[in-house]
Engineer: 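This is the structure I want to talk about, given as structure tokens.
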Amino acid sequence: MEKEQYLVKKLYHEQHFLKGDESEHPIRVLGELYVSEQKKEMADLSYIRFAQGEVYFLNNDYEAAIFKWENIHNELEPWAKKNIADAYMELDLLSTAEEIYKSISSDSLILNTEISLQLFSLYLQQGKAGEADQMIKNAVVLNPDYENVTELACAFFEEQQDWESALDLTISEAVRTKSRQWFRKLLDYIENGHASAQEPRFFVPALTALQAIDFSLFEQMTVVLWDNFQKRDHYLSWLKELSAVIAKSEITASYRWNKLPAKFSDSFRKLLLEDFPLERLKEVVPSLLSSWLQVADSATAPAAAAGVLAWNDVFPASVGESSIQEAQDILGRLSGVADRSNLFMDSQNLFKSIEQWASAMNAAMNPKVKWMFQKLSMLDHKTVLIAGTSAGSKSSFVNMLLGSTEADFFDTSVPVLYGHGETTAFRLITNENIATVTTSHELVEGERKPDALIEYIWPNRFLADHRLSVIDFPVLHFPKRKESVIESIRMSACMFFILNEDASLTIDEQELLNEIKEHIPEYPVHFILQTNGPITNEKLDSVKQHVSQFFPDANFFAISGSDPISDSQLESILKEVDEKKNWLLLTGHLIFLIKKMIGGLLKQREKIQRELTEAIEFDEEVLTKIQGAIHQLYDLEEEKTKVLSDAYRSFKDEIKSDLLKTVPKLLKESADILQEDSDFGTIHKKLNDEMNKRISDYLQYTVHPTYISSLQDWISFSEGELNKAQEQLIEWNEGFNLMFGEERLELACDFQILGDWRRDADRMTGTIQIDKENILLKRTPAQVLLKSAGKLFGVIPANQSIMYKRYRQYIENENYDDTAESIAEKFFRQFELFEKAIPRDISLFFRNPYHVLRKSADELQETVDKNKAKLDDMKSNPEKFHNPLMLFDVRLRQLEWMKGKSKTGSRTNNSVNG
């Protein structure tokens, strides 16, 4: 044990004075030494006092220990002060201890470390976590090798849940000590989510150190970090940092990785799928691919190598030459892809991804390519191609194969696909659209298109039983129909080439067969020699010799045109349509379609911009007209409201006018009930009752029927006016739908209001009730006089004749205009609700057209706004359309390299980089 370690443990007295002698108590020994030293002329008692202080401390006599250490003034003075502070801590005098610890100045690393640790402990007791944190960090910085200091610090950080400090310490110690223990602790932190706030660069030192120590642990940590960053914004930075670590590592090819190869493969695929900025991908992907090559296993090596070459094809010079050479060497060593069905599925997925993207971008997909993709995706179904230069021989074979003469109907210059279906369907398929053919004119028009193909589906037992479709290709005119021939080949599992009787091949046919052999070597081509007479072996050998220079492994079949095809011959021919899926061929077919699709989409951007511009202009024009129609509809509603309201008021005013003329007349005529012998004391009551009766009869039997009749006439008139409005709206409706090209609008008015009006009119036909009028009972001066006179004359005999004449004169000359007005007001009050509701009812009549027009206007405005934003975005950010296609092209080229065709470096024609 070193000297300072004795000081730390307070065992200085054992090292210097006791010499291992345990027979006597240390206090006695030191006391005797103290007395002996004191007798010396030049006595130095400091060392003994220091030792005595240790013994007192160890025996819990802290005050005595402090007394001894306070008198130390030699090189042990800093340790004495530290020990005094320790004693005060034991006495729970923490403030005094803290002050003394802070006052110590020393060059001793161990002493300073111990002071930091003691202060750390002191602050923990005081509950001062911040000060404790600083002290333990000081101790780690001062002396990380000091016993348990890093472990103590780590435990403290964990207790405080200070994961950033814990991570800093763990990584620092892992890198410094190269201890797997610290790396495992770091892995534990990451797995438990304590490192989720850190950026990728934070872990680079640990990963760099770990890959040189333990590949297995390095892989574990890398995979956990990968999963962590894959869900965060720092994903690309992580891939870049990791690739840099692997590039600088000394990874040996002999080490077998468990998860890293698959992680690289999955990440590369996702980078090409997800919406990452291309410029960022250019920074990350090349190094990612190079790193993938370093860790790739046998399962992922083809994809890694193909990825390197594909990326370099689309972005030349972006990948290092050494990686390119290594990728070429890997693909050169591989005889093929182990699981070609997966390659086919990857091709399918790529096609679907492009299709989804195109739909989101409003880019028109080639309908023929989509149709071909659907056919190829029917894995339980096969298509064979029948071709040749002899029209008669070829048609004869097709008819024999189909067991039908219906095929003779299609004497056409375009390919015909025959298939089974429950119902008959006849369609013309081009790059522009797929249309049902109903007339010979449509067929003739379709033949003029070089990309046309006819699909004829009808119930056919042979095709159904063998799950087969047959493409009858017209007499070959190669290279004029080269593209059409290639498309037909790319839909079929094999070709049956019909040779004529002399079995010669034209130059065009030879060129076609050479092209198939060169570019689609996996495509099976079989030859059928059809003659009118018997076929000799010599003849068949001659045919084989002639054709074998193109396809040495091809099968040959000889059929006599004069005899129907035999079952054995048919079985032999169909056997060549291999029961096992030719995944390499199918993948090649899909790659062909993807190339064609990408090539078409590359031309779409300008077309989409043009179509967006045209759509915006059209929608804005229609929107303007619809907005104008809304204003016109408002005017039309106002017009009809005014016309119908005026018409109602007209007949009402006419009835009221008659009523105001007739009522006074009726009241005056009521005087005829007066007699000279009438009781003039009560006659006013009788007259008042009679007047009200005559008014009631007049209203009930004259005015009310007239009103109901006029109302019915008004409803009929209104119906005519509303029908005119509906007719006008129908014209608008037809005009707008003609513009839209579909039955989009239906401006139907609500004629229910006419039914409501008629129901109201029927309800009004019953007896009317109005309150009686106080015609002669009102308190006017004349009436009072008459009433008084009557009472008077009822007491005093009077001249009845004079009273009769005066009373009749009064009745006949009285002004009854106020009474007539009151009666008119009461009569028409019953119909006020109906009259007031007319504007509201007419508004309800037009409500649906308003709603339809406003909704259409809103939808059009929304469409215009979206299209304008999309157009502006396309103009200002052309890369949004172009860049995804570049990444699709990378995926396509990767599939090509993996398929094997591109090992020599041949590239796709539809490069988006050009």
Engineer: Ignoring hydrogens and geometry beyond distance, is a side-chain donor-acceptor pair present between W897 and D313 at under 3.5 Å?
Structural biologist: yes
Engineer: Does E151 CD have over 12 foreign heavy atoms under 6.0 Å away?
Structural biologist: yes
Engineer: Taking only residues two or more places apart in sequence or in another chain, which ones pass side-chain hydrogen bond (donor to acceptor under 3.5 Å, both in side chains) with Y101?
Structural biologist: D86, Q118
Engineer: Ignoring hydrogens, what is the shortest heavy-atom contact between N112 and S106? Give both atom names and the distance.
Structural biologist: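 Heavy-atom minimum between the residues: ND2-O, 3.0 Å.
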Engineer: Test F57 against every option in Y62, F50, Y12 by the ring pair (Phe, Tyr, Trp, His ring centres under 6.0 Å) rule and name the one that passes.
Structural biologist: Y62
Engineer: Dump the intermediate steps for side chain to side chain contact (heavy atoms under 4.5 Å, CB included) on I324 and E326, then the final yes or no.
Structural biologist: CA-CA 5 Å; I324 293 173; E326 184 179 356; over 6 Å; no
Engineer: Is N349 reaching over with its side chain to a backbone N or O of M345, donor-acceptor style, under 3.5 angstrom?
Structural biologist: yes
Engineer: Do L117 and M135 come close enough that some side-chain heavy atom pair is under 4.5 Å?
Structural biologist: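 They are not in side-chain contact.
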Engineer: Could you list the donor-acceptor pairs under 3.5 angstrom formed by side chains in residues 270-286, with sequence neighbours left out?
Structural biologist:
| residue | atom | partner | partner atom | Å |
| --- | --- | --- | --- | --- |
| K270 | NZ | D266 | OD2 | 3.3 |
| R280 | NH1 | E283 | OE1 | 2.9 |

Engineer: Testing the basics here: between A87 and I66, what is the closest heavy-atom pair and its distance to 0.1 Å?
Structural biologist: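 Closest pair (atom of A87, atom of I66, distance): CB-CG1, 3.7 Å.
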Engineer: Hey, is CD on Q160 packed in by over 12 heavy atoms from elsewhere, all under 6.0 Å?
Structural biologist: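 Yes - once you tally the heavy atoms of other residues, nucleotides and ligands closer than 6.0 Å, there are more than 12.
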Engineer: Applying side chain to side chain contact (heavy atoms under 4.5 Å, CB included), run through F156 and L124 and close with a yes or a no.
Structural biologist: CA-CA 10 Å; F156 170 73; L124 283 182; 3.6 Å; yes
Engineer: Just checking, any donor-acceptor pair under 3.5 angstrom between side chains of D233 and Y235?
Structural biologist: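 No, Y235 and D233 have no side-chain donor paired with an acceptor closer than 3.5 Å.
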Engineer: Parallel, tilted or perpendicular: which one describes the rings of F264 and W226, with boundaries at 30° and 60°?
Structural biologist: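 The arrangement is perpendicular - the two ring planes meet at more than 60°.
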Engineer: Which residues pass the side-chain hydrogen bond (donor to acceptor under 3.5 Å, both in side chains) test with E75, sequence neighbours left out?
Structural biologist: Y47
Engineer: Between CZ of R893 and CG of N312, what distance do you get to the nearest 0.5 Å?
Structural biologist: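 So the gap between those two atoms works out to 10.5 Å.
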Engineer: If you apply the rule salt bridge (Lys or Arg N to Asp or Glu O under 4.0 Å), what do you find for E896 with K899, and how did you get there?
Structural biologist: CA-CA 5 Å; E896 278 194 289; K899 177 178 172 291; over 6 Å; no
Engineer: With sequence neighbours left out, write down each residue that passes ring-ring contact (aromatic ring centres under 6.0 Å, His included) with Y56, or none if nothing qualifies.
Structural biologist: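 Partners of Y56 by the ring-ring contact (aromatic ring centres under 6.0 Å, His included) criterion come out as none, since no residue qualifies.
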Engineer: Applying salt bridge (charged side-chain N to carboxylate O under 4.0 Å, His left out), can you list everything that pairs with E158, at least two apart in sequence or on another chain?
Structural biologist: K185
Engineer: Identify, with sequence neighbours excluded, every residue that meets side-chain hydrogen bond (donor to acceptor under 3.5 Å, both in side chains) alongside N138.
Structural biologist: Q134
Engineer: Using the side chain to side chain contact (heavy atoms under 4.5 Å, CB included) rule, take W69 and R49 through it: C-alpha gap first, then chi angles, then the decisive distance, then the call.
Structural biologist: CA-CA 7 Å; W69 284 327; R49 288 195 183 104; over 6 Å; no
Engineer: Taking the inter-plane angle between the rings of F315 and W311 on a 0 to 90° scale, is it parallel (under 30°), tilted (30 to 60°) or perpendicular (over 60°)?
Structural biologist: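 Tilted: the ring planes of F315 and W311 meet at 30° to 60°.
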Engineer: What is the distance from atom NE2 of H234 to atom CZ of F229, rounded to the nearest 0.5 Å?
Structural biologist: 7.0 Å
Engineer: Return the set of residues passing side chain to side chain contact (heavy atoms under 4.5 Å, CB included) with T300 (not counting sequence neighbours), or none when no residue passes.
Structural biologist: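 T300 satisfies side chain to side chain contact (heavy atoms under 4.5 Å, CB included) with P261, S265, W292, A296, D297 once adjacent residues are dropped.
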Engineer: Does D168 offer a backbone N or O that forms a donor-acceptor pair with the side chain of S172 under 3.5 Å?
Structural biologist: no
Engineer: Quick check: are there more than 12 heavy atoms from other residues, nucleotides or ligands sitting under 6.0 Å from CZ of F67?
Structural biologist: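 At most 12 heavy atoms, drawn from other residues, nucleotides or ligands, come within 6.0 Å of this atom.
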Engineer: Run the numbers on R184 and D188 for salt bridge (Lys or Arg N to Asp or Glu O under 4.0 Å), then give the verdict.
Structural biologist: CA-CA 6 Å; R184 290 192 184 95; D188 180 68; over 6 Å; no
Engineer: With salt bridge (charged side-chain N to carboxylate O under 4.0 Å, His left out) as the rule and sequence neighbours excluded, what pairs involving residues 121-141 come up?
Structural biologist: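 Listed by first then second residue: D133-K137.
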Engineer: Checking the side chain of K178 only, and the main-chain atoms of V175 only, is there a donor and an acceptor separated by less than 3.5 Å?
Structural biologist: yes
Engineer: Identify whether the distance between the nearest side-chain nitrogen and carboxylate oxygen of K263 and D227 falls below 4.0 Å.
Structural biologist: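 Counted as a salt bridge, because a side-chain N and a carboxylate O are separated by less than 4.0 Å.
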Engineer: Quick one: NZ on K352 to OG on S347, what's the gap to the nearest 0.5 Å?
Structural biologist: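 Result: 11.5 Å between the selected atoms.
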Engineer: To check you understand the geometry: which heavy-atom pair defines the closest contact between M898 and A306, and what is its length?
Structural biologist: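 Answer, listing the atom of M898 first, then A306: CG-CB, 3.3 Å.
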Engineer: Looking at every heavy atom in both A51 and H13, which two are closest together, and how far apart are they?
Structural biologist: CB-CB, 3.4 Å
Engineer: What distance do D346 atom CG and T587 atom OG1 have between them, rounded to the nearest 0.5 Å?
Structural biologist: 8.5 Å
Engineer: Between R28 and L33, does a side chain to side chain contact (heavy atoms under 4.5 Å, CB included) hold up when you go through it step by step?
Structural biologist: CA-CA 9 Å; R28 178 182 290 276; L33 289 174; over 6 Å; no
Engineer: Could you work out, with side chain to side chain contact (heavy atoms under 4.5 Å, CB included) as the rule, every residue matching Q161, not counting sequence neighbours?
Structural biologist: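 For Q161 the side chain to side chain contact (heavy atoms under 4.5 Å, CB included) partners, ignoring immediate neighbours, are W163.
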Engineer: Would a distance-only check, ignoring hydrogens and angles, find a side-chain to backbone donor-acceptor pair under 3.5 Å from N74 to L76?
Structural biologist: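 Side chain of N74 to backbone of L76, a donor-acceptor pair under 3.5 Å: yes, one is there.
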Engineer: What residue among L167, T170, L169 forms side chain to side chain contact (heavy atoms under 4.5 Å, CB included) with F157?
Structural biologist: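 The residue from L167, T170, L169 that satisfies side chain to side chain contact (heavy atoms under 4.5 Å, CB included) with F157 turns out to be L169.
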Engineer: What are the two closest non-hydrogen atoms of F202 and I171, and how far apart are they?
Structural biologist: CE2-CD1, 3.2 Å
Engineer: Rounded at 0.5 Å granularity, tell me how far CD1 in I110 sits from CG in L142.
Structural biologist: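 The CG atom of L142 is 12.0 Å from CD1 of I110, to the nearest 0.5 Å.
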Engineer: Identify which one of S322, S323, S243 satisfies the side chain to side chain donor-acceptor pair (under 3.5 Å) criterion when paired with S290.
Structural biologist: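 Checked S322, S323, S243 against S290; only one passes side chain to side chain donor-acceptor pair (under 3.5 Å): S323.
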Engineer: How would you list, by chain and number, every residue that makes a ring-ring contact (aromatic ring centres under 6.0 Å, His included) with F888, sequence neighbours excluded?
Structural biologist: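 F888 satisfies ring-ring contact (aromatic ring centres under 6.0 Å, His included) with W357 once adjacent residues are dropped.
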Engineer: Donor-acceptor pairs under 3.5 Å, side chain of residues 209-223 to any protein atom, not counting sequence neighbours: which ones?
Structural biologist:
| residue | atom | partner | partner atom | Å |
| --- | --- | --- | --- | --- |
| Q211 | NE2 | T208 | O | 2.9 |
| D214 | OD1 | S216 | N | 3.0 |
| D214 | OD1 | L217 | N | 3.0 |
| D214 | OD2 | R180 | NE | 3.1 |
| E219 | OE1 | N258 | N | 3.2 |
| E219 | OE2 | N258 | N | 2.8 |
| E219 | OE2 | K259 | N | 2.7 |
| E219 | OE2 | L260 | N | 2.9 |
| T222 | OG1 | F218 | O | 2.7 |

Engineer: Only pairs at least two apart or in different chains count here, so list each salt bridge (charged side-chain N to carboxylate O under 4.0 Å, His left out) that has a residue in residues 98-124.
Structural biologist: K82-E114, E98-K102
Engineer: Return yes if a side-chain donor-acceptor contact under 3.5 Å exists between E173 and S179, otherwise no.
Structural biologist: no
Engineer: V149 and P144: which non-hydrogen atoms are nearest, and at how many Å?
Structural biologist: CG1-O, 3.5 Å
